[in-house]
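See below for the structure under consideration.
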Amino acid sequence: MIDTPILIAGGGPVGMTLALALARQGVRSIVVERNPTTTRHPKMDLTNGRSMEIYRRLGVADALRAAGVPVDNPFDIVWATSPSGEVLHRFAYPSSREAADLIRRANDGTGTREAPMRISQIVLEPVLREALDHNDLVDIRFGHRFRSLEADQDGVTATIEGPDGAVVIRSRYLVGCDGGGSTVRTALDIQLEGQYAVGRGYMIHFRSEAREILAPFGVAWHLQTGTGTLIAQNDIDIWTLHTFIAPGADEAALDPRKVLLDFVGRPFEFEILIANPWSPHLLVADQYSKGPAILAGDAAHQFIPTGGYGMNTGVGEAFDLGWKLGAVVSGWGGEALLESYEVERRPIAIRNREMAAAHAGVRMEIVQLVSTAMAEGPLQANDDAGRARLETLGRAIEAAGNAENESWGIEHGYRYDASPIIAYDDEPAPPPDPLVVALGTWPGSRLPHLYLEDGRALYDLLGDQFTILAIGDISTGALEVAATTAGVPVRVVRLKDEPVLKLLERPLVLIRPDDHIAWRGWTFPDDALAMLKHVTGRAT
């Protein structure tokens, strides 16, 4: 029997992110992944600003940048009649480099420490695996399938099937990051609630250097038409096409070469890598844990990919769970930390599921606009009537909008409003807005990203555990004494009072290891020790 503090079932992005987050806390883990290698199947193609901010904290952001789409390439979304037809509307978005520059110049707290990036999961996973391969606190085992578990009050005994037979691993906690068909979730008899198979699509992942045919309107992330979406995975030679399958159509009879050529509208050279039908879901687990066994990522929720919330929601869960498990295993956190995981993260998953569905609804609205317009007559720029129809449809698409790539409130403006381990105050927070990041430091919010007068980023000053920001000439002695008494690691960051820090609203702000605000105040409470025990899950 092998012993480990944490066993992670599933070596995808969420499982590997969790292992990195645990190692950041000095906690060992074993990761088991049934596949012999990282994925070869295209899944997500966006790592949003919040996830990149997390990956910066975990030390892999630069490696991801080097592997992903070049930082000067835009995130444009183009709607067209077809790849060989006319542009209907272009939603233009800055490149990663431009976005980072805009955030720095605005310096208003609404941006993220890292800009988003375009990177295929096929490329992202090897970067994470390499980081884990060089981390002495992580034992990562590909080609090992999770089979079963037995939980008791002291931990979990799991059976893993490896190349050389069965392996028994005893862990204090087991985290199931093993995807939509999660064996861990099934073993725990946890149910999913929501909608299964809300549509039917056909995916074709292929290689081609025919950029003049596949990207005829210049570099764009997505090229969308009334029949599907073409994703430029690396802006060079790897592409993914998602098309609709008509109700009643025989999926087995679909010829991927014909589907691809019909979409593009003219012949070109290509090599199909993967092709298959698939169905998106809108599901969230009805609970996130049972005893010492916990769920994260697709094991806990599955969304339509509109908005790119699936993996990114899972990365947020891994970062949240990593510090909480780390604190409990290390002895300075209480069990209430783990109880807070579902309370904090499940509402985020439900909200993200709702927004993914809403974004899909807008896409279908635009598809219907395009289909109706094309049925009424030619959409072309070489005659007055055709140009008029093009312009009218373009304005309708612009009016429908592209909130799925502009919902900053969803991506990094979320708050934990009912957590048992956050010290709330009497100032009410504004209602959440999916599009807008509310400015403020209400407890439960993510710390605003700001640059100081000397050019340093506030996020780069934070510790791996708790951090107290102290602005101006104010004593932190009460908290330091409480931290020593409680054995809680707290970094003290003293800042001179400067105009941009007015956005923090209080001279004392206590930041959790996941960058969320645990407490804020003008002075420390009379019982700073009680407050610290509360936010570390040790209140009695």
Hey, are [Y] and [X] close enough side-chain-wise for a donor-acceptor pair under 3.5 Å?
{"X": "T17", "Y": "Y55", "result": "yes"}
{"X": "Y93", "Y": "E98", "result": "no"}
{"X": "S95", "Y": "D72", "result": "no"}
{"X": "T240", "Y": "Q233", "result": "yes"}
{"X": "W221", "Y": "D45", "result": "yes"}
{"X": "E404", "Y": "T306", "result": "no"}

Aromatic centroids of [Y] and [X] separated by under 6.0 Å:
{"X": "F303", "Y": "H301", "value": "yes"}
{"X": "Y416", "Y": "H516", "value": "yes"}
{"X": "W278", "Y": "H242", "value": "yes"}

Before accepting this row, confirm whether a basic side-chain N of the pair [X]/[Y] lies closer than 4.0 Å to the acidic partner's carboxylate O.
{"X": "R456", "Y": "D460", "result": "no"}
{"X": "E344", "Y": "K324", "result": "yes"}
{"X": "R50", "Y": "D515", "result": "yes"}
{"X": "R353", "Y": "E193", "result": "yes"}
{"X": "R90", "Y": "D76", "result": "yes"}
{"X": "E427", "Y": "R506", "result": "yes"}
{"X": "D514", "Y": "R512", "result": "yes"}

Point-to-point distance, once rounded to the nearest 0.5 Å, from [atom1] of [X] to [atom2] of [Y]:
{"X": "M311", "Y": "K43", "atom1": "CE", "atom2": "NZ", "answer": "11.5 Å"}
{"X": "M52", "Y": "R113", "atom1": "CE", "atom2": "CZ", "answer": "11.0 Å"}
{"X": "N73", "Y": "S96", "atom1": "CG", "atom2": "OG", "answer": "9.0 Å"}
{"X": "M203", "Y": "L241", "atom1": "CE", "atom2": "CG", "answer": "10.0 Å"}
{"X": "N402", "Y": "S407", "atom1": "CG", "atom2": "OG", "answer": "9.0 Å"}
{"X": "I511", "Y": "R446", "atom1": "CD1", "atom2": "CZ", "answer": "11.0 Å"}

Between [Y] and [X], is there a side-chain heavy-atom distance shorter than 4.5 Å?
{"X": "L64", "Y": "M117", "result": "yes"}
{"X": "Q224", "Y": "V78", "result": "no"}
{"X": "N35", "Y": "T39", "result": "no"}
{"X": "S51", "Y": "M44", "result": "no"}
{"X": "L46", "Y": "F75", "result": "yes"}
{"X": "R200", "Y": "E251", "result": "yes"}
{"X": "T227", "Y": "V367", "result": "no"}
{"X": "D237", "Y": "S208", "result": "no"}

Summary of salt bridge (Lys or Arg N to Asp or Glu O under 4.0 Å) pairs that have at least one residue in residues 370-390, sequence neighbours excluded:
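For residues 370-390, and leaving out neighbouring residues, the salt bridge (Lys or Arg N to Asp or Glu O under 4.0 Å) pairs sorted by first residue read D384-R387.
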Which residue pairs satisfy the salt bridge (Lys or Arg N to Asp or Glu O under 4.0 Å) criterion with at least one member in residues 264-285, sequence neighbours excluded?
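Every salt bridge (Lys or Arg N to Asp or Glu O under 4.0 Å) pair that includes a residue of residues 264-285, provided the two are not neighbours, is R207-E271.
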Check: [Y] main-chain N/O paired with [X] side-chain donor or acceptor under 3.5 Å:
{"X": "R129", "Y": "G12", "value": "no"}
{"X": "H205", "Y": "L273", "value": "no"}
{"X": "E33", "Y": "G11", "value": "yes"}
{"X": "R346", "Y": "A300", "value": "no"}
{"X": "N234", "Y": "I238", "value": "yes"}

Shortest non-hydrogen separation from [X] to [Y] and the atoms involved:
{"X": "F217", "Y": "A80", "answer": "CE1-CB, 3.6 Å"}
{"X": "L458", "Y": "P448", "answer": "CD2-O, 4.2 Å"}
{"X": "G413", "Y": "V437", "answer": "CA-CG2, 4.0 Å"}
{"X": "A99", "Y": "A115", "answer": "CB-CB, 3.9 Å"}
{"X": "V14", "Y": "A318", "answer": "O-CB, 3.7 Å"}
{"X": "W323", "Y": "D320", "answer": "CD1-O, 3.1 Å"}

Steps toward side-chain hydrogen bond (donor to acceptor under 3.5 Å, both in side chains) verdict (E317, T313)
CA-CA 6 Å; E317 289 164 352; T313 302; over 6 Å; no
Does any pair with a residue in residues 209-220 pass side chain to side chain donor-acceptor pair (under 3.5 Å), and if so which ones, sequence neighbours excluded?
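Those involving residues 209-220 do not exist here.
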Take V370 and T81 through the test side chain to side chain contact (heavy atoms under 4.5 Å, CB included) and record every step on the way to the result.
CA-CA 8 Å; V370 174; T81 56; 5.8 Å; no
Please test L20 against V60 for side chain to side chain contact (heavy atoms under 4.5 Å, CB included), starting from the C-alpha separation and ending with a verdict.
CA-CA 10 Å; L20 285 171; V60 294; 4.3 Å; yes
Pair R97-D101, salt bridge (charged side-chain N to carboxylate O under 4.0 Å, His left out): steps then yes or no
CA-CA 6 Å; R97 190 190 303 277; D101 185 57; over 6 Å; no
Measure up the H359 and Y309 rings against each other and bin them: parallel (under 30°), tilted (30 to 60°), perpendicular (over 60°).
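Plane angle between 30° and 60°, so tilted.
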Would you find more than 12 non-hydrogen atoms of other residues, nucleotides or ligands less than 6.0 Å from E498 atom CD?
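Yes - once you tally the heavy atoms of other residues, nucleotides and ligands closer than 6.0 Å, there are more than 12.
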Checking side-chain hydrogen bond (donor to acceptor under 3.5 Å, both in side chains) for the pair Y459/R56: CA distance, chi angles, key distance, verdict?
CA-CA 10 Å; Y459 265 65; R56 181 184 181 88; over 6 Å; no
Could you walk me through whether V493 and L462 satisfy the side chain to side chain contact (heavy atoms under 4.5 Å, CB included) test, starting with their C-alpha distance in whole Å, then the side-chain angles of each, then the deciding distance to 0.1 Å, before giving a yes or no?
CA-CA 8 Å; V493 175; L462 303 179; 5.8 Å; no
Determine, step by step, whether E125 and M16 satisfy the side chain to side chain contact (heavy atoms under 4.5 Å, CB included) criterion, reporting the C-alpha distance in whole Å, the side-chain angles of both residues, the deciding distance to 0.1 Å, and the verdict.
CA-CA 8 Å; E125 286 191 11; M16 288 194 282; 3.9 Å; yes
Only one of L447, T441, L461 passes side-chain contact (heavy atoms from CB on, under 4.5 Å) with L469; say which it is.
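Per the side-chain contact (heavy atoms from CB on, under 4.5 Å) rule, the option paired with L469 is L447, out of L447, T441, L461.
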